Protein chains: 2
Amino acid sequence: MTGDKASHGIQRAVEILEFVCVQPRSQSEVAVHFDIHRSTAMRTLDSLVETGLSRKHADGRYGAGYRLAGLAQLALEQFDLAHVARPFLEELAGECQHTIHLAALDGRSIVYADKIDQPGMVRLYSQIGQAVTLHTAGVSKAILAYQPPSIVAEVLSGADFVRKTSNTITSLEAFTAQLETVREQGFAIDDAEFEDFINCVAMPIRDFTGEVMAAVSITALKARAGLDDLRMLLPRLTEITAAISKELGWRP
Amino acid sequence: MTGDKASHGIQRAVEILEFVCVQPRSQSEVAVHFDIHRSTAMRTLDSLVETGLSRKHADGRYGAGYRLAGLAQLALEQFDLAHVARPFLEELAGECQHTIHLAALDGRSIVYADKIDQPGMVRLYSQIGQAVTLHTAGVSKAILAYQPPSIVAEVLSGADFVRKTSNTITSLEAFTAQLETVREQGFAIDDAEFEDFINCVAMPIRDFTGEVMAAVSITALKARAGLDDLRMLLPRLTEITAAISKELGWRP
DNA sequence: AACACCGTTGCACCTAATGCAACTATACGG
DNA sequence: CCGTATAGTTGCATTAGGTGCAACGGTGTT
């Protein structure tokens with residue numbers, strides 16, 4: 001295989017696993033979705049079942065398996081960030097009744113590390129483990145604003161600056177200017193840049209070295225809470241992100 | 001590949017993923033542990049990193065990745081049993097201050113579906129997603145006691161009845177007699193059968209059809225709570241397992 | 001400086017993953 | 001009940017890719 005590409009088999013298996021974890025699926029649905037032969041879908045799913053990552057329900061559809069839950073529990077014990085942050089995020093979510101995101105710089109990308117949804121709300125697009133939309137997400141700006149230019153350049157080499165709404169920042173220059181604004185005001189926003197009716201405010205989290213490596217955001221439907229409403233939550237968000245940072249060893 | 005064996009690549013990848021999730025490891029450690037070439041270990045780990053299931057730490061060791069956490073969150077939304085049971089298990093754990101296990105019949109094996117540890121205790125051997133030790137585990141007996149003989153025979157074909165302690169049941173006949181005792185008394189025990197200083201009591205969980213498909217156990221170090229102490233918790237365990245069963249649709 | 005070990009890369013070989021054809025099973029409509 | 005369509009399964013041949021090897025560079029230790 002090529003030196004810079006994931007094993008084809010592993011890549012395929014992980015994508016199929018995620019597909020059936022979102023919602024249980026039959027092997028035919030998997031075959032159609034991934035444009036592979038029914039026998040290939042069957043064998044890959046059977047492999048996932050045999051490893052325990054997937055389970056075959058009584059109706060023949062495949063879903064998540066218990067070993068996946070076990071792996072997750074092991075994994076969570078390694079995520080100091082998510083572990084430490086979770087109680088604070090739940091506290092914040094309880095108070096403000098909005099969706100809370102935690103994102104982290106992960107190599108040369110930024111990914112969602114945790115997420116507190118609100119019951120009854122439309123489920124937002126974000127998914128733990130998936131990369132954020134670099135040029136629109138508040139957490140992205142809150143992290144990149146405090147990175148060295150070399151890191152910013154490297155991470156943004158993966159940004160396409162595609163227009164999503166009329167508010168979307170579509171150039172590197174404008175985005176860099178926005179990072180300067182974030183540094184000045186101490187927080188980042190997403191003002192309907194990804195989706196017309198969703199906005200958020202975000203603030204950085206520092207680790208024990210004082211470096212910014214994560215951020216927390218409060219996200220809401222504009223109809224429910226506009227930016228002005230969210231700005232009023234900034235003092236509390238400041239406290240929460242400082243508390244998480246201190247728990248991670250940061251000394252202001 | 002053979003029709004009844006997991007894809008070699010997927011099997012290997014999952015085992016390596018689990019190995020580094022238990023504790024972050026270097027590629028050399030992975031190579032030695034699995035008796036594979038350093039370049040094979042490197043490529044498999046890089047594949048896991050590229051899919052997001054694993055992460056490469058700054059010190060070069062590999063650990064759990066954020067996408068694994070995302071998959072787990074998706075998975076948990078599918079586990080009615082674990083979802084429904086979790087609050088009850090936490091309640092029980094809070095009251096009795098012992099380790100609580102939830103195990104489920106999964107195909108033709110019985111696996112740990114959830115587990116509530118106690119802070120400060122020696123971490124017990126059990127791991128979510130892993131199969132229970134069929135001939136010693138209380139949850140195994142609590143489930144098998146209520147299965148049809150054909151299911152019992154099929155599941156037990158995977159039991160080796162290896163002696164672990166002087167209390168271990170080492171024959172199919174003795175084990176079958178024990179299942180009869182479980183039916184009579186309504187609960188199962190592990191009386192230092194797996195490990196000399198650990199005992200437990202277990203009771204079955206029924207689904208909406210009334211069938212037993214899971215069990216809950218209270219496990220403790222003998223030094224901390226012997227079987228007599230655990231028996232005193234049976235009324236409460238009865239209530240808890242009945243409550244979980246009712247939540248799953250069981251009507252007594 | 002020498003040595004040991006680890007991480008990485010290109011390459012050849014061998015294994016296994018894949019699609020195909022053919023089969024069985026199931027569900028549905030007439 | 002029968003015919004049809006779709007889904008699931010299996011054996012096999014082919015092709016793709018996974019693997020170990022040798023060689024290299026980097027790092028840490030003596």
Side-chain angles (χ1 to χ4, degrees), chain A residues 1-65 106-108 150 154, chain B residues 1-65 106-108 150 154:
Chain A
M1 62 180 237
T2 62
D4 54 8
K5 208 118 171 116
S7 156
H8 185 57
I10 295 173
Q11 182 90 35
R12 159 87 52 77
V14 169
E15 289 174 3
I16 291 177
L17 179 59
E18 192 169 65
F19 184 63
V20 303
C21 282
V22 170
Q23 175 185 329
R25 302 282 189 178
S26 70
Q27 17 183 105
S28 294
E29 289 176 298
V30 169
V32 165
H33 183 87
F34 291 97
D35 191 30
I36 58 178
H37 200 270
R38 294 195 310 278
S39 57
T40 302
M42 179 197 170
R43 292 194 182 98
T44 306
L45 286 165
D46 280 354
S47 297
L48 290 171
V49 167
E50 199 165 330
T51 59
L53 295 184
S54 184
R55 232 186 341 147
K56 191 170 182 178
H57 294 295
D59 65 1
R61 287 181 308 151
Y62 292 79
D106 185 31
R108 295 296 170 259
S150 59
E154 199 165 351
Chain B
M1 65 182 230
T2 61
D4 54 7
K5 206 119 172 124
S7 158
H8 186 56
I10 296 172
Q11 182 89 36
R12 157 96 40 83
V14 170
E15 288 175 0
I16 289 176
L17 179 59
E18 193 167 66
F19 185 63
V20 302
C21 282
V22 169
Q23 176 186 327
R25 301 281 191 177
S26 70
Q27 22 182 99
S28 293
E29 291 176 296
V30 169
V32 165
H33 182 86
F34 291 97
D35 192 29
I36 58 178
H37 200 271
R38 293 196 309 279
S39 58
T40 303
M42 179 196 169
R43 291 191 182 98
T44 306
L45 285 164
D46 280 355
S47 296
L48 290 171
V49 167
E50 198 165 329
T51 58
L53 295 184
S54 184
R55 234 188 338 152
K56 191 169 183 179
H57 295 295
D59 66 358
R61 288 182 306 153
Y62 292 79
D106 185 31
R108 293 300 169 256
S150 59
E154 200 165 350

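Side chains are part of it too, since the values below use all heavy atoms of this structure and drop only hydrogens, waters and symmetry mates. Here is the naming used below: chain letters follow the sequence lines, and residue numbers restart at 1 for every chain. From a predicted model like this one, the values you see are computed outputs, not experimental measurements.
Here the closest non-hydrogen pair linking A:His57 and A:Tyr62 is CD2-C, 4.2 Å. Of all the heavy atoms in B:Gln27 and B:Arg38, the pair that sits closest is NE2-O, 4.3 Å.
At whole-Å resolution of the value, CG in A:Asp35 and C1' in C:dT18 are 13 Å apart. B:His37 places its NE2 atom 13 Å from the P atom of C:dG7, with the value rounded to the nearest Å. The CE-C1' distance, from A:Met42 to C:dG19, rounds to 14 Å in whole Å. Computed from coordinates, the B:Leu45 CG to D:dT19 P distance equals 12 Å when rounded to whole Å. Regarding A:His8, its NE2 atom lies at a distance of 12 Å from the C1' atom of C:dG19, rounded to whole Å. Straight-line distance from the CD1 atom of A:Ile10 to the P atom of D:dA16: 20 Å, rounded to whole Å. When the P atom of C:dT26 is taken as reference, atom CZ of A:Arg38 falls 16 Å away, rounded to whole Å. Atom CG in A:Asp46 sits about 13 Å away from atom P in C:dT18, given to the nearest Å.
In this structure, OG1 on B:Thr51 lies 9.0 Å from CD on A:Glu15, to the nearest 0.5 angstrom. Between A:Lys56 atom NZ and A:Leu48 atom CG the span is 13.0 Å, to the nearest 0.5 Å.
Note on A:Arg12: a side-chain N or O is less than 4.0 Å away from OP1 or OP2 of C:dT18. For the pair B:Lys56 and C:dT8, the criterion of a side-chain N or O lying under 4.0 Å from OP1 or OP2 is met.
One can find a donor-acceptor pair under 3.5 Å joining the base of C:dC20 and the side-chain atoms of A:Ser39. Within 3.5 Å, no donor on the side chain of B:Ser28 pairs with an acceptor on the base of C:dC5, nor the reverse. At a cut-off of 3.5 angstrom, the base of D:dG8 holds no donor-acceptor pair with the side chain of A:Arg43.
A perpendicular orientation is assigned to the rings of A:Phe19 and A:Phe34, their planes being inclined by more than 60° (bins at 30° and 60°).
Summary of the strand contacts: A:Thr40 and B:Gln27 both lie near DNA chain C, and taking for each the nucleotide with the nearest heavy atom, the more 5' one is attributed to B:Gln27.
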